[in-house]
Amino acid sequence: MTAPRVRFAPSPTGYLHVGGARTALFNWLFAKHYHGTFVLRIEDTDKERSTEAHTQVILDGMRWLGITWDEGPFFQGSYAARHRADAERLLASGHAYKDFLTAAELDAERERIKASGGVFRYHRRSMELPADEQARRESAGMPYAIRFAMPEGEIAWDDAVHGRISWQGADIDDFIILRSDGSAIYNMAVVSDDVEMNISHVIRGDDHVSNTPKQIALYRALGHEPPIFGHVPMILGTDGKKLSKRHGATAVGDYQDMGILPGAMRNFLALLGWSPGGDREMLTESELTESFSLEHIQSKPAVFDTTKLEWMNGQYLSLMDSTELLKAVERQLERMGVATDGRNLLPIINSVKTRSRTILNVAEQVAVRVDGSRIVRDDKGTALVAKMGDRFSGHLTLDHEALSRIPEFDWLPEAIEGALRTVAETHSLKLGDVMQPIRVALTGGTVSEPVPELLAVVGREESLRRIADASSS
RNA sequence: GGCGCUAUCGUCUAGGGGCCUAGGACACAGCCCUCUCAAGGCUGGUACACGGGUUCGAAUCCCGUUAGCGCUACCA
């Protein structure tokens, strides 16, 4: 294949959706695989809903995911003149015609048909104004929209993911390509831009298949060869409906905030509707680009289930080096208002990350270890250790004695474990009864890394203080 | 309503006529490991929507039914 040119063309009317992100990812992967070019084009022709802020959020989301573009971002709004010229060229060549019907007249007709139980369709002949009225409006200089005269025959294409898809031109209404204010409608603008930008493959969501026959007709009328189209399946919520806000987090930024790693998000998204074949699931960026192909894209929609995303994130967390995680954890701690006093967080992150699924989890655990006031308490402010009763306070006293004999320079997991095992043996206690009270005293919870490691990570002075506090309460 | 797309475990998927008494992963259950919880290892249950063809043989090809989804704007 000659180097393809693809594009991702979001409209800045909302945040970067996971569906949009996946479409961008597929385009990017495809371009990378074939050493092609990935163009970013912001489709801001809907001036009512498009905002600069949304554009920034979309760009940030893409950068976060590591999806880089080779050209752009281009803004569709700045090509209005070309769009209009193309529409007028179609008018001049007889592929389109003027429509003097106003939006209000059209709406009224739509209402009328609907009220009588019919289905509205725009038929050129039946909707056309009488010739004299037409002429009157034209000479009066009344505004008109330009409507494309949809050819009647079959329009089919070999879809890169679905195979052959066929439509009948007769089933498609003549559609407006230029508004009466002179601005182009979506399908016109897209085709005009894709032609201009030399796009060879249009990879987009399934919700666009019904636009494709219209766009192919436009390409032909304009005298251009249509590109190859590939329609990737929709992403659904857990109820099988199109993914939307009411399903919870749908914006890429939401997952960033939840402490998902970009690599995990990218890996997960890539596997939603695509598979490298076989059993491989954890894929690096280069494995992804090497094995990516349109042929392996699933043709059925996929449900977006975050459980597996979190599992995958946990895998990335344990695989990644603590130094790579440091920045994200620090940012999270800052948001939580935890002061780290310049402490070295690396060993702490290292010991809690295998028990975490998100950066948020990591930060919460780091917070407890770094700041005693973060110890988990119940609603009444009582630490769990108090509820354990007197049974273990004696053990904590023994622990405290033994641990305080360990000098600062030897405050390491091995020495600590040795001391605690000795306590258990000399007092004929179960190891768990010696260890678990410490865990509760230090964290307020019953779950953590191995106790010797926990003690090492919290530090000698602070550990002894927490144990003393707990045994006296 | 019309048109189009789709249909393998609860979910993501492998599979492209015999290798499938359908494989992997998440989730779930149990066991091992073990001071707790994860991680890791092992084991288990759960799926080819339905009905017709084609074929020696169909999850795989064809047709129909059903269901789901999408589109049906002077939105994108």
Side-chain angles (χ1 to χ4, degrees), chain A residues 9-14 43-46 48-50 76 99 101-104 106-107 110 117-122 143-147 159 161-162 165-168 170-173 175-181 183-187 189-190 205-213 231 233-234 236 238 240-242 268 271-282 295-296 298-312 314-315 318 352-357 361 417 420-421 424 430-440 443 445-452 454:
Chain A
S11 55
T13 54
E43 307 210 320
D44 55 349
T45 51
D46 183 347
E48 300 287 298
R49 296 188 297 152
S50 298
Q76 193 161 57
D99 178 4
L101 245 29
T102 64
L106 242 20
D107 282 345
R110 223 175 250 117
V119 176
F120 176 84
R121 282 211 54 186
Y122 185 91
Y144 57 86
I146 297 181
R147 217 174 255 280
D159 194 277
V161 348
H162 293 281
I165 297 180
S166 163
W167 289 68
Q168 290 301 322
D171 290 328
I172 300 168
D173 289 356
F175 56 96
I176 287 176
I177 53 179
L178 199 74
R179 297 184 185 91
S180 48
D181 70 359
S183 65
I185 275 300
Y186 173 74
N187 282 310
V190 165
D206 256 353
D207 48 344
H208 283 290
V209 307
S210 55
N211 284 321
T212 303
H231 291 92
M234 303 269 77
L236 275 23
T238 42
K241 304 274 185 231
K242 189 177 175 181
F268 179 74
L271 260 25
L272 215 53
W274 173 79
S275 150
D279 297 337
R280 291 190 300 156
E281 289 202 306
M282 297 287 291
E295 292 73 44
H296 280 91
Q298 191 88 18
S299 43
K300 69 162 181 180
V303 173
F304 188 74
D305 184 359
T306 53
T307 313
K308 191 161 181 176
L309 168 60
E310 288 185 6
W311 165 80
M312 190 169 273
Q315 295 290 307
S318 0
V352 302
K353 70 189 175 83
T354 51
R355 252 161 304 274
S356 305
R357 294 212 143 186
N361 291 158
E417 178 159 4
L420 293 178
R421 284 191 183 275
K430 280 192 284 187
L431 196 55
D433 288 345
V434 173
M435 300 272 203
Q436 189 67 350
I438 298 178
R439 171 152 32 233
V440 175
T443 67
T446 56
V447 169
S448 86
E449 63 272 46
V451 165
L454 173 65

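All chains are named by letter (A, B, ...) in the order of the sequence lines, taking the proteins before the strands, and each is independently numbered beginning at 1. Values below: every heavy atom of this structure, side chains too, minus hydrogens, waters and symmetry copies.
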Atom [atom1] of [X] to atom [atom2] of [N]: distance rounded to whole Å?
{"X": "F268(A)", "N": "U11(B)", "atom1": "CZ", "atom2": "P", "answer": "13 Å"}
{"X": "L271(A)", "N": "C12(B)", "atom1": "CG", "atom2": "P", "answer": "12 Å"}
{"X": "H162(A)", "N": "G4(B)", "atom1": "NE2", "atom2": "C1'", "answer": "10 Å"}
{"X": "M282(A)", "N": "G24(B)", "atom1": "CE", "atom2": "C1'", "answer": "15 Å"}

Practice item. Determine the Euclidean distance between corresponding P atoms of U54(B) and G68(B); express it in Å to zero decimal places. Key: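 Here G68(B) and U54(B) have their P atoms 31 Å from each other.
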Exercise for review: Could you pull out the closest heavy-atom pair between V352(A) and S356(A), with the gap in Å?
Suggested key: O-OG, 3.0 Å
Study note, to complete from the structure: Going 5' to 3' through nucleotides 63-76 of chain B and flagging B where a protein heavy-atom sits under 4.0 Å of the base, S where only the sugar-phosphate is that close, and - otherwise, we get -----SSSS--BBB
Point to revise | Footprint string (nucleotides 26-35 of chain B, 5' to 3'): B base within contact, S backbone only, - free, heavy atoms under 4.0 Å | key: SS-------B
Exercise for review: Would you kindly say whether T212(A) and H231(A) are connected by a side-chain donor-acceptor distance under 3.5 Å?
Suggested key: yes
Check your understanding: Does a donor on one side chain and an acceptor on the other come within less than 3.5 Å for D206(A) and H162(A)?
Key -> yes
Review point. Could R147(A) and F175(A) be counted as a cation-pi pair, given that NZ or CZ must be under 6.0 Å from the ring centre and within 45° of the axis?
Key: no
**Study point:** Toward the 5' end of RNA chain B, by each residue's nearest nucleotide, G273(A) or S448(A)
**Key:**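 Nearest nucleotide further toward 5': that of G273(A).
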Check your understanding: Touch check for S356(A), heavy atoms < 4.0 angstrom, all strands: base, sugar-phosphate only, or nothing?
Key ->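 No contact.
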**Study point:** Step-by-step salt bridge (charged side-chain N to carboxylate O under 4.0 Å, His left out) determination, K308(A) to D305(A)
**Key:** CA-CA 7 Å; K308(A) 191 161 181 176; D305(A) 184 359; over 6 Å; no
